[in-house]
Amino acid sequence: MKLYDTKAGELRDFKPLVAGRVSMYVCGPTVQSAPHIGHLRSALVYDLMARWFTHLGLEVQLVRNVTDIDDKVLEKADEQSVTWWELAYKNEQLFAADYRRLAIGLPSHEPRATGHIPQMITLIEKLVELGYAYGGLDGSGDMYFNTAKWSNYGELTHQKLDDMEGERSNPAKINPQDFALWKAAKFTEPESASWPSPFGSGRPGWHIECSAMAAHYLGESFDIHGGGLDLRFPHHENELAQSTAAGHSFANYWVHNGLVSVQGQKMSKSLGNSVLSSDLFDKVNDKAVRYYLASAHYRSILDYQPEATVEAAAALSRLHGFVARAARELKESRFSEFAAVELPDEFTLQMNDDLNIPGALAVIHESATAGNTDLDEQRLSQAHQRWSEVVGMLEVLGLSLDSSNRTNQEHRALDQLIQTLIAERNKAREDKNYQRADQIRDQLIEIGIELSDSTSGTHWSLN
RNA sequence: GUUUCGGUAGCCAAGUGGUAAGGCGAAGGUCUGCAAAACCUUCACGCGUCGGUUCGAUUCCGACCCGAAACUCCA
């Protein structure tokens with residue numbers, strides 16, 4: 001498999017550090033507010049990547065952190081007159097709920113920053129010991145990383161220290177580009193937001209959190225570090241600098257997902273142009289939202305267009321339609337069970353090519369078309385092959401038709417009710433009472449149930 | 001200014017040094033009592049503009065235009 005490595009600036013063959021295993025660290029959200037679809041796309045990208053690795057037979061370790069303490073969390077909590085941990089927890093739950101709805105798998109670990117303060121302190125101490133960290137020149141008690149001492153600084157984003165603007169007005173820093181490792185407690189902030197440390201009480205800087213947690217769960221070297229493109233600098237550059245300065249080899253591959261934009265502009269909390277998951281979930285079903293967010297290559301900008309979600313729903317519905325039709329029409333044959341078949345080579349090729357989901361989706365569509373034709377022509381063996389392929393491919397992408405609601409009690413009751421109406425309608429059709437037949441069909445359409453007549457009888461589906 | 005990344009049909013969106021995947025949508029057709037669904041056919045002589053390299057460029061190179069992201073708060 002090839003992956004685009006931001007640090008190398010090119011596609012690289014992916015080779016795990018330990019054969020048969022892949023370790024991934026993904027920057028999760030700062031839980032200062034509810035998720036928007038940009039956050040969800042990011043989580044989805046790494047979920048898809050993890051699923052593909054799993055399909056390839058690798059054992060995946062995925063760590064996705066939660067930043068539950070930082071300036072913004074404290075600020076927002078203050079505005080809303082709640083404690084910072086209440087705010088953080090509430091938002092963390094909103095993220096979790098959306099992840100679940102999008103069928104984004106649980107990571108192996110989902111560490112909160114506040115649960116790993118000792119590891120962060122240890123890492124800062126190490127940096128002090130090695131001469132890369134210093135206490136703020138203004139005596140504030142802040143700790144900073146000395147970027148001038150680390151000659152590789154800028155290697156992730158290919159920038160020279162001199163070209164970077166940095167924060168010129170901060171008298172606590174030796175170099176304007178230096179960044180905070182530890183922020184001393186302030187009188188204006190709640191006491192609960194500070195922890196004791198050898199540098200005085202305070203809280204960790206944003207970047208050190210990820211360095212410490214990645215090392216804690218995945219070790220000093222691991223395979224892939226992922227996150228949104230906007231985190232490349234300063235966040236990931238700083239993580240890389242402090243971790244490697246501390247002697248860790250850190251991530252072997254750096255992967256960055258493209259952002260979601262609205263009318264050509266980045267979706268962000270500060271711009272106030274956030275599209276929330278509920279905006280999509282209200283319009284189309286959960287799997288269609290997943291399909292939509294996955295439908296652009298993960299490194300491309302996804303410019304949000306409301307109609308595009310409806311298009312995604314239509315496209316996915318055709319695939320699900322084939323799966324359901326094949327299941328129905330093959331039921332009575334010797335091909336009633338779908339087989340664990342090899343996925344089409346082209347699909348594998350696309351997925352191995354830097355996770356080209358759009359290319360992979362094209363393969364699924366082609367298989368579904370071919371499968372529908374096979375069913376039309378009564379080529380059951382081929383249809384069975386196509387059906388199995390499509391089911392397998394959808395499963396890898398987490399886009400399978402949910403089967404849970406087909407087995408529950410409510411569904412059975414609904415089915416019996418509709419079957420009664422179908423029988424009445426078919427009787428009416430036999431009697432050439434088309435007015436009554438169409439009336440039944442129209443009434444069902446109105447409540448979202450679609451009937452379709454075929455040689456194998458009349459079937460219904462939720463629209 | 002510096003560093004990244006884009007500009008492909010009505011819309012979404014892949015891709016390639018050899019003549020443009022797929023989806024949505026639209027039109028026509030097959031099927032149907034009529035529909036729906038499904039299938040078939042058609043829908044970019046064109047891939048921001050202008051040059052260059054080449055037998056050949058949308059793809060490589062250069063310049064330019066437009067847009068996005070980052071530059072110490074952001075997935």
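Note on naming: letters A, B, ... go to the chains in the order of the sequence lines (proteins, then strands), and numbering restarts at 1 for each one. Small disclaimer: the values here were computed from a predicted structure and weren't measured.
For the OP1/OP2 pair of B:rA75 and a distance below 4.0 Å, the side-chain nitrogens and oxygens of A:Thr30 include at least one atom meeting the criterion. Between A:Lys266 and B:rA70 there is a side-chain polar atom (N or O) within less than 4.0 angstrom of OP1 or OP2.
Within 4.0 Å of A:His39, counting heavy atoms only, lies at least one base atom of the nucleic acid. Contact annotation for A:Asp162: no contact, since no heavy-atom pair falls under 4.0 Å across all strands. Counting non-hydrogen atoms under 4.0 angstrom, A:Val260 reaches a base of the nucleic acid. Across all strands, A:Leu451 comes closer than 4.0 Å to base atoms (heavy-atom distances).
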Just list the side-chain donor-acceptor pairs under 3.5 Å for residues 274-282 of chain A, sequence neighbours left out, or say none.
residue: A:Ser274; atom: OG; partner: A:His36; partner atom: ND1; Å: 3.4
residue: A:Ser277; atom: OG; partner: A:Asp98; partner atom: OD1; Å: 3.0
residue: A:Ser277; atom: OG; partner: A:Asp98; partner atom: OD2; Å: 2.6
residue: A:Asp279; atom: OD2; partner: A:Leu276; partner atom: N; Å: 2.9

Show me, pair by pair, the donor-acceptor contacts under 3.5 angstrom made by side chains of residues 304-316 of chain A, not counting sequence neighbours?
residue: A:Gln305; atom: NE2; partner: A:Asp303; partner atom: OD2; Å: 3.3
residue: A:Thr309; atom: OG1; partner: A:Pro306; partner atom: O; Å: 2.7

Show me the donor-acceptor pairs within less than 3.5 Å that the side chains of residues 42-53 of chain A make with the rest of the protein, sequence neighbours left out.
residue: A:Ser42; atom: OG; partner: A:Asn257; partner atom: OD1; Å: 3.2
residue: A:Tyr46; atom: OH; partner: A:Gly227; partner atom: N; Å: 2.9
residue: A:Tyr46; atom: OH; partner: A:Gly227; partner atom: O; Å: 3.0
residue: A:Tyr46; atom: OH; partner: A:Val255; partner atom: O; Å: 3.4
residue: A:Tyr46; atom: OH; partner: A:Asn257; partner atom: N; Å: 3.4
residue: A:Tyr46; atom: OH; partner: A:Asn257; partner atom: OD1; Å: 3.0
residue: A:Asp47; atom: OD1; partner: A:Gly105; partner atom: N; Å: 3.0
residue: A:Asp47; atom: OD2; partner: A:Arg290; partner atom: NH1; Å: 3.1
residue: A:Asp47; atom: OD2; partner: A:Arg290; partner atom: NH2; Å: 3.0
residue: A:Arg51; atom: NH1; partner: A:Glu395; partner atom: O; Å: 2.9
residue: A:Trp52; atom: NE1; partner: A:Asn352; partner atom: OD1; Å: 3.0

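For A:Ser317, the side chain to side chain contact (heavy atoms under 4.5 Å, CB included) criterion is met by no residue, not counting sequence neighbours. In this structure A:Gln80 satisfies the side chain to side chain contact (heavy atoms under 4.5 Å, CB included) test together with A:Lys76, A:Val82, A:Leu87, A:Lys90, sequence neighbours excluded. Residues passing the salt bridge (Lys or Arg N to Asp or Glu O under 4.0 Å) test with A:Arg386, sequence neighbours excluded: A:Glu389. When the salt bridge (Lys or Arg N to Asp or Glu O under 4.0 Å) test is applied to A:Asp71, the partners found at least two apart in sequence or on another chain are A:Lys183, A:Arg203.
Among the nucleotides B:rC12, B:rC39, B:rU72, the one closest to any side-chain atom of A:Glu311 is B:rC12. For A:His158, taking side-chain heavy atoms from C-beta onward, the closest of the listed nucleotides B:rA35, B:rU3, B:rA75 is B:rU3. Distances from the side chain of A:Thr373 to the nucleotides B:rG23, B:rU72, B:rC40 place B:rC40 closest. Minimum atom distance to the side chain of A:Arg441 is reached by B:rG33, of the listed B:rA36, B:rG33, B:rC73. Relative to the side chain of A:Tyr4, the nucleotides B:rA75, B:rG23, B:rC5 differ in distance, and B:rC5 lies closest.
Taking atom NE2 of A:His365 as the reference point, atom P of B:rG22 lies 11 Å away to the nearest angstrom.
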Identify each atom pair where a protein N or O and an N or O of nucleotides 15-21 of chain B are less than 3.5 Å apart, giving names and distance.
residue: B:rG15; atom: OP1; partner: A:Asn356; partner atom: ND2; Å: 3.2

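A stacking contact between A:Phe322 and B:rA38 is absent: the pair does not combine a ring-centre distance of less than 5.5 Å to the base's six-membered ring with planes differing by less than 30°.
Residues from residues 300-307 of chain A lying near RNA chain B, meaning a heavy-atom separation below 4.0 Å, are A:Ser300, A:Ile301, A:Gln305 in numerical order. For the segment residues 418-432 of chain A, the set of residues with a heavy atom within less than 4.0 Å of an atom of RNA chain B comprises A:Arg425, A:Arg429, in numerical order. Of the residues in residues 226-235 of chain A, those lying under 4.0 Å from RNA chain B by heavy-atom distance are A:Gly227, A:Gly228, A:Asp230, A:Leu231, A:Arg232, A:Phe233, A:Pro234.
Rounded to a whole angstrom, the distance from the C1' atom of B:rG15 to that of B:rG23 is 15 Å.
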Its dot-bracket string being built from Watson-Crick and G-U pairs below 3.5 Å, with | for another strand and [ ] for crossing, RNA chain B has the pattern (((((((..(((.....[...)))((((((.......))))))....(((((..]....))))))))))))....

